[in-house]
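This one's a predicted model, so the numbers in the text were calculated from it and none came from an experiment. Values reported hereafter were calculated over all heavy atoms of this structure, with side chains retained and with hydrogens, waters and symmetry mates removed. In what follows, chains carry the letters A, B, and so on, assigned in the order in which the sequence lines appear, proteins first and then strands, with residues in each chain numbered from 1.
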There are 2 protein chains.
Amino acid sequence: MTVDCDACPLRKRACFDPMSDAELSFMKKFKVGELVVEPGTQILLEGSNSPQLFTALHGMGLRYKIGEQGARQVVNFVMPGDFVGLQAGVMKEMGHSVEATTAMTLCVFDRKELWTLFRNNPERGFDLAWLAAVEENFLGDALFAVGRRSATARVSWALLRLFIRLSSLGLVRGNSVRLPYKQQDLADALGLSLVHTNKTLAKLRDRQLAQWSDGRLSVASREELATVANVSLDEITPPVRPLI
Amino acid sequence: MTVDCDACPLRKRACFDPMSDAELSFMKKFKVGELVVEPGTQILLEGSNSPQLFTALHGMGLRYKIGEQGARQVVNFVMPGDFVGLQAGVMKEMGHSVEATTAMTLCVFDRKELWTLFRNNPERGFDLAWLAAVEENFLGDALFAVGRRSATARVSWALLRLFIRLSSLGLVRGNSVRLPYKQQDLADALGLSLVHTNKTLAKLRDRQLAQWSDGRLSVASREELATVANVSLDEITPPVRPLI
DNA sequence: CGGGGAATTGACGCTGTTCAATACTGGTGG
DNA sequence: CCACCAGTATTGAACAGCGTCAATTCCCCG
């Protein structure tokens, strides 16, 4: 009982480019199935060469790298609409692992068909390059945050970015949204220790800037949080992007 | 007096995929000229939408972001064979600025032709996605380095990565290579202060691990430097990649 | 009732920042 | 030819942001 692309709940979101009929019918062929996983499941492993590519449909996850001594760097958060496995599809292997944080369901594509995508559907190929460029752009921002911002600004930046991203997906109710990660995940994304992340979150809570507890994130004023994070709201707002 | 793609000195390098005759003839049409700039010249500006895309032919440069208070984060180093402007070509605007560190000459492409590239030359389109994926992969590594490594390991990682990269371009003579950057550039790439970068470089010099002075970098033993950097040599070695 | 994962909080100190002074270089104008 | 200057590299000293260690609490689950 899989979701038909015609009825895809993501397509209608304003944060994605509208899809032409031709593209839609191509996607229906391209999609070969669905993957449903429980929380904690590894979806892709760093260094592996998966035969399958995915687009997240429901649920949220993490992209991360593990270092020699077990240090973990979270590279990005996976949300509905995200394409997963581009590196495996285009290069030899993945540069990071992907893991489900909540229960997830993902559209499954056949890696071998990726090449026919580029040949027969150049627009979709262009879109894939777009996605890669957006990801590159984000990682540059993350690098800036980790390299050049204080702990308070860093945490503010991350929370605001997550909040706005979830907002564009239509998941924010009022001024709060479900954020099903652990403090350790955020710490590993920002290059901070768990303890200091916790204390920084407490400070933001005290200052009424952002409240994240029991898996829900509330942001009273995006503008104030942006001020603390030291970013302008529009440089943090993701562009409308293709859905694949 | 521009360089003809037939005679392109980069194409022969083993670090680039060989180019078919068809690809070669396409590149000759795609290339519309050359840009020659002096050291310090801005090539692309963050947030701008350049009508032109480039491939570095000679010389070296920097990709970087500037924050609100003038903080700078170097996002990558530009070397011969690097494609510059992908983000501008595929998204609305560049996510970072690009500047020439030395004198540079770059092949110039017309941004409007990018779309015909995807349509008429799917292999080249695929290659562009590949390049974007490689860049994404690198930024993930950089994020890991900045987020999770000590200053000594970080500097070692960067020097080793630069060294190996230049080595694959055939620029290393003996065990040393020209590295025309300032310590400030390296500091801004690694999220360190200039002072501490300087002291860390001095330590590596004392320990005979890496010597970088007067614009030349010498590495006696890649293995030892890799040990200090806490990486394996092959995870730091760039893949053979397409040249565009 | 017991156990394990996550969040929280305090104490302590190391790693890296900031401030500041010095030296060295090539370039410029008198 | 030399004084002067700006940019870069180097080094020392004081300080602080953040990491590490450790203890406690809360909560879910068996």
Q) The side chain of H196(A) lies closest to which of these nucleotides: dC18(D), dT20(D), dG16(C)? A) dC18(D)

Q. Within the side chain of W212(A), is there an N or O that forms a donor-acceptor pair under 3.5 Å with the backbone of L179(A)?
A. yes

Q) Is the shortest side-chain N/O distance from R148(A) to OP1 or OP2 of dT17(C) below 4.0 Å? A) no

Q | Value in whole Å for how far the P atom of dT8(D) lies from CG of D185(B) | A | 9 Å

(Q) Just to be sure I understand the rule, does G215(A) reach a base, reach only the sugar-phosphate, or reach nothing, if contact means heavy atoms closer than 4.0 Å? (A) nothing

Q. Out of dT8(D), dT10(D), dT17(C), which has the shortest distance to the side chain of Q183(B)?
A. dT10(D)

Q. Is the shortest side-chain N/O distance from R154(A) to OP1 or OP2 of dG17(D) below 4.0 Å?
A. no

Q: Take R111(A) and N49(A) through the test side-chain hydrogen bond (donor to acceptor under 3.5 Å, both in side chains) and record every step on the way to the result.
A: CA-CA 10 Å; R111(A) 192 196 155 182; N49(A) 187 350; 2.2 Å; yes

Q. For Q69(A) and dG19(D), what is the distance between atoms CD and C1' respectively, to the nearest whole Å?
A. 16 Å

Q: Grab the CG-C1' distance between D214(A) and dC28(D) for me, whole Å please.
A: 13 Å

Q | Plane angle bin for Y181(A) and F77(A) - parallel if under 30°, tilted between 30 and 60°, otherwise perpendicular | A | perpendicular

Q | Candidates dT18(C), dG16(C), dC18(D) - which lies nearest the side chain of V195(B) | A | dT18(C)

Q: Send over the distance from L194(B) CG to dC19(C) P, rounded to a whole Å.
A: 13 Å

Q. Going through the distances and angles, do L35(B) and T105(B) end up as a side-chain contact (heavy atoms from CB on, under 4.5 Å)?
A. CA-CA 5 Å; L35(B) 176 66; T105(B) 110; over 6 Å; no

Q) Which of these passes side-chain hydrogen bond (donor to acceptor under 3.5 Å, both in side chains) with N76(B): E135(B), R63(B), H96(B)? A) E135(B)

Q: Let me know the distance between CG of L192(A) and C1' of dT8(C), rounded to the nearest Å.
A: 17 Å

Q: To the nearest Å, give me how far apart CG (L190(A)) and C1' (dG19(D)) are.
A: 15 Å

Q.
Any side-chain N or O of Q184(B) below 4.0 angstrom from OP1/OP2 of dG7(D)?
A. no

Q) Got a donor-acceptor pair under 3.5 Å from the side chain of K199(B) to the base of dG12(D)? A) yes

Q. Considering only dC18(D), dT17(C), dA6(C), which nucleotide approaches the side chain of K182(A) most closely?
A. dA6(C)

Q: Provide, to the nearest angstrom, the distance between the CZ atom belonging to R149(A) and the C1' atom belonging to dT17(C).
A: 18 Å

Q) Is the distance from OP1 or OP2 of dA7(C) to the nearest side-chain N or O of N198(A) less than 4.0 Å? A) no

Q | Sugar-phosphate, base or nothing in reach of S150(B), heavy atoms under 4.0 Å | A | sugar-phosphate

Q | Distance in angstrom units between D188(A) CG and dG19(D) P, rounded | A | 11 Å

